[in-house]
There are 2 protein chains.
Amino acid sequence: MADRIQTTPRPIRTPLSGEDGIDLSIIELFFFAYRDFTSDPDQILEAYGFGRAHHRVLHFVNRKPGLTVAELLDVLQITKQSLARVLKQLVDAGYIIQVPGPRDRRQRELYPTQTGRQLALDLARPQSRRIDAALKALSADERQTVEEFLKAMVNSDLRQQIDQISDRRQDARGLNEGEG
Amino acid sequence: MADRIQTTPRPIRTPLSGEDGIDLSIIELFFFAYRDFTSDPDQILEAYGFGRAHHRVLHFVNRKPGLTVAELLDVLQITKQSLARVLKQLVDAGYIIQVPGPRDRRQRELYPTQTGRQLALDLARPQSRRIDAALKALSADERQTVEEFLKAMVNSDLRQQIDQISDRRQDARGLNEGEG
DNA sequence: AATTTATGTCAGCCTTATTGACATATTTTA
DNA sequence: TAAAATATGTCAATAAGGCTGACATAAATT
């Protein structure tokens, strides 16, 4: 008995804080901020029987209409099997339509329908409101600071992707001249 | 045939951007930033057979040693059944120990072990490095701005909780005078 | 003609969450 | 003290959203 070593390991009673210059408060803030940020659309999605995965797909299809399945997989960094179910549901429910690629007919270009556009906006609105409220007190410069911080948090090899989505104005492929 | 209405809904070809003053780029940045932010610890956790859920539990137990199961559920906003499995694994693996509450013996106070403290630090470090890198170019004032922005993104009814975790210095319950 | 590519789909598995029901120990209350 | 409430644990079933592997098809490329 006497030579049993450390049967119950000692509980540590000092709160973790700032060791090695680690800033835990920002880590936590980021966690809480993102959780609440996603909770707004989550509530709306529930009424549609959709989840966060549907939201992401719908968002990027709206953001870059005509993107292909492969491009979408690249942005979302998930497998095609994971995308398949979600995408199918969005297509079946009439929020997204698939159009064979004009150049390469193997590709499926993804477009939102009017309903899909509307839902995407409805989902973005509360998030935008939350961000606006958080930025309300900030000057234009300060807002720029926040944006640069977020951008710097992203893996550098993915920043290009983001720029493409955010900045690129669609090459005028003909605006809404779909079928009648 | 001629009177079939809108068989295939029209694909919308205009990219969604800035409607109604909605800032989509920050919405997207937040998504990408958080994804990459969590990817760092996720990689480490994999080696332990743990997931993001374990990380969150371990983090807050380290942050506030002695917190009870109920308090932890409150912070994480999950059900006790969800917590149970994850917590059990962390306890079984020796990262957390449960101590009956001194006042109320129904309660289980949760404490990290030395190993648990170490793992929490190992997980926080890459996140801290990423944040540091993102804040590198910013002045002290600008860093404050970023922190305030994140805080403002959190539901106001939860901000108190955060303050408690982040600011409160543990009431000196005796530092590490556990068993020998 | 053979190969590669883009996509779809089937089947099975994992993690993290959920709800509902019930058990146990302990504290509080009537 | 007996009854009720509380803190926690646990069992079972379910769901969402990921994963891997395997295979099919159509179209493009070599």
Side-chain angles (χ1 to χ4, degrees), chain A residues 31 34-35 38-39 41-61 66-93 96-111, chain B residues 31 34-35 38-39 41-61 66-93 96-111:
Chain A
F31 164 64
Y34 190 76
R35 185 182 61 184
T38 51
S39 72
D42 280 356
Q43 281 201 296
I44 298 171
L45 288 158
E46 222 176 312
Y48 292 81
F50 291 153
R52 217 172 277 182
H54 301 84
H55 184 189
R56 294 198 283 260
V57 169
L58 190 62
H59 177 91
F60 288 110
V61 167
L67 94 174
T68 64
V69 169
E71 286 171 333
L72 186 52
L73 290 176
D74 219 52
V75 171
L76 298 176
Q77 303 203 283
I78 56 174
T79 60
K80 65 176 172 176
Q81 296 92 328
S82 296
L83 175 59
R85 175 182 40 85
V86 172
L87 182 56
K88 192 175 190 313
Q89 289 173 333
L90 285 167
V91 169
D92 288 351
I96 288 178
I97 47 184
Q98 294 172 300
V99 177
R103 291 173 271 281
D104 185 335
R105 297 206 315 272
R106 289 171 306 179
Q107 297 184 332
R108 304 270 169 258
E109 292 185 346
L110 305 173
Y111 294 92
Chain B
F31 164 64
Y34 191 76
R35 186 182 60 184
T38 50
S39 73
D42 280 356
Q43 280 202 295
I44 298 171
L45 289 159
E46 222 175 313
Y48 292 80
F50 290 154
R52 217 173 275 182
H54 301 84
H55 184 189
R56 293 197 284 260
V57 170
L58 190 62
H59 177 91
F60 288 110
V61 168
L67 94 174
T68 64
V69 170
E71 286 170 333
L72 185 53
L73 291 176
D74 220 52
V75 171
L76 298 176
Q77 303 203 283
I78 56 172
T79 58
K80 66 176 171 174
Q81 295 92 328
S82 296
L83 174 61
R85 176 186 42 89
V86 171
L87 182 56
K88 191 173 189 314
Q89 289 172 334
L90 286 167
V91 169
D92 288 351
I96 289 178
I97 46 184
Q98 293 172 301
V99 178
R103 290 172 271 280
D104 186 336
R105 296 206 318 272
R106 291 171 304 180
Q107 296 183 333
R108 304 269 170 260
E109 292 186 347
L110 305 174
Y111 293 92

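In the text below, chain A, chain B and the rest are named by the order of the sequence lines, each starting its count at 1. What you see is a predicted model; the values in this text were computed from it and never measured.
Under the 4.5 Å side-chain criterion, counting only non-hydrogen atoms from C-beta, Val86(B) is not in contact with Phe50(B). By the 4.5 Å heavy-atom criterion applied to side chains, Leu110(B) and Thr68(B) are not counted as neighbours.
In this model, the phosphate group of dG17(D) is approached by a side-chain N or O of His54(A) to a distance below 4.0 Å at OP1 or OP2. Side-chain N/O atoms of Ser82(A) include none lying less than 4.0 angstrom from OP1 or OP2 on dG17(D). Taking only side-chain nitrogens and oxygens, Gln98(B) comes nearer than 4.0 Å to OP1 or OP2 of dG9(D). Between Arg106(A) and dT25(D) there is no side-chain polar atom (N or O) within less than 4.0 angstrom of OP1 or OP2. Phosphate contact (OP1/OP2 of dA17(C), side-chain N/O of Arg56(B), threshold under 4.0 Å): present.
Between Gly51(A) and Lys88(B), the residue anchored closer to the 5' end of DNA chain D is Lys88(B), taking for each the nucleotide with the nearest heavy atom. Comparing Ala70(B) and Leu83(A) along DNA chain D, the residue whose closest nucleotide (by nearest heavy atom) sits nearer the 5' end is Ala70(B).
Defined by atom type and a distance below 3.5 Å, a donor-acceptor pair is present between the side-chain atoms of Glu109(B) and Tyr111(B).
If you take CG of Asp42(A) and C1' of dT18(C), they are 14 Å apart, rounded to a whole angstrom. We find that CG of Leu110(A) is positioned 11 Å from C1' of dT7(C), with the value rounded to whole Å. When the C1' atom of dA15(D) is taken as reference, atom CZ of Arg85(B) falls 14 Å away, rounded to whole Å. Atom CZ of Arg108(B) is separated from atom C1' of dT27(C) by 14 Å (rounded to the nearest Å). What separates CZ of Phe50(A) from C1' of dA16(D) is a distance of 14 Å, to the nearest Å. Across the protein-nucleic acid pair, Ile78(A) atom CD1 and dT7(C) atom P stand 14 Å apart, rounded to whole Å. Nucleotide dG18(D) holds its P atom 12 Å from the CD atom of Gln77(A), rounded to whole Å. Leu87(B) places its CG atom 11 Å from the P atom of dT8(D), with the value rounded to the nearest Å.
Of the listed nucleotides (dA28(D), dG9(D), dC19(D)), dA28(D) has the atom at the smallest distance from the side chain of Asp104(A).
Note: His55(B) and His59(B) have perpendicular aromatic rings, judged against thresholds of 30 and 60 degrees for the angle between ring planes. Below 30°, between 30° and 60°, or above 60°: for Phe31(A) and Phe60(B) the angle between ring planes is between 30° and 60°, a tilted geometry.
Scanning atom types as modelled, one donor and one acceptor separated by under 3.5 angstrom connect the side chain of Lys80(A) and the base of dG8(C). The base of dG18(D) lies outside donor-acceptor range of the side chain of Gln81(A), with no N or O pair under 3.5 Å.
Residue-level contact check: Arg52(A) touches the backbone only, with heavy atoms under 4.0 Å from sugar-phosphate atoms and none from bases.
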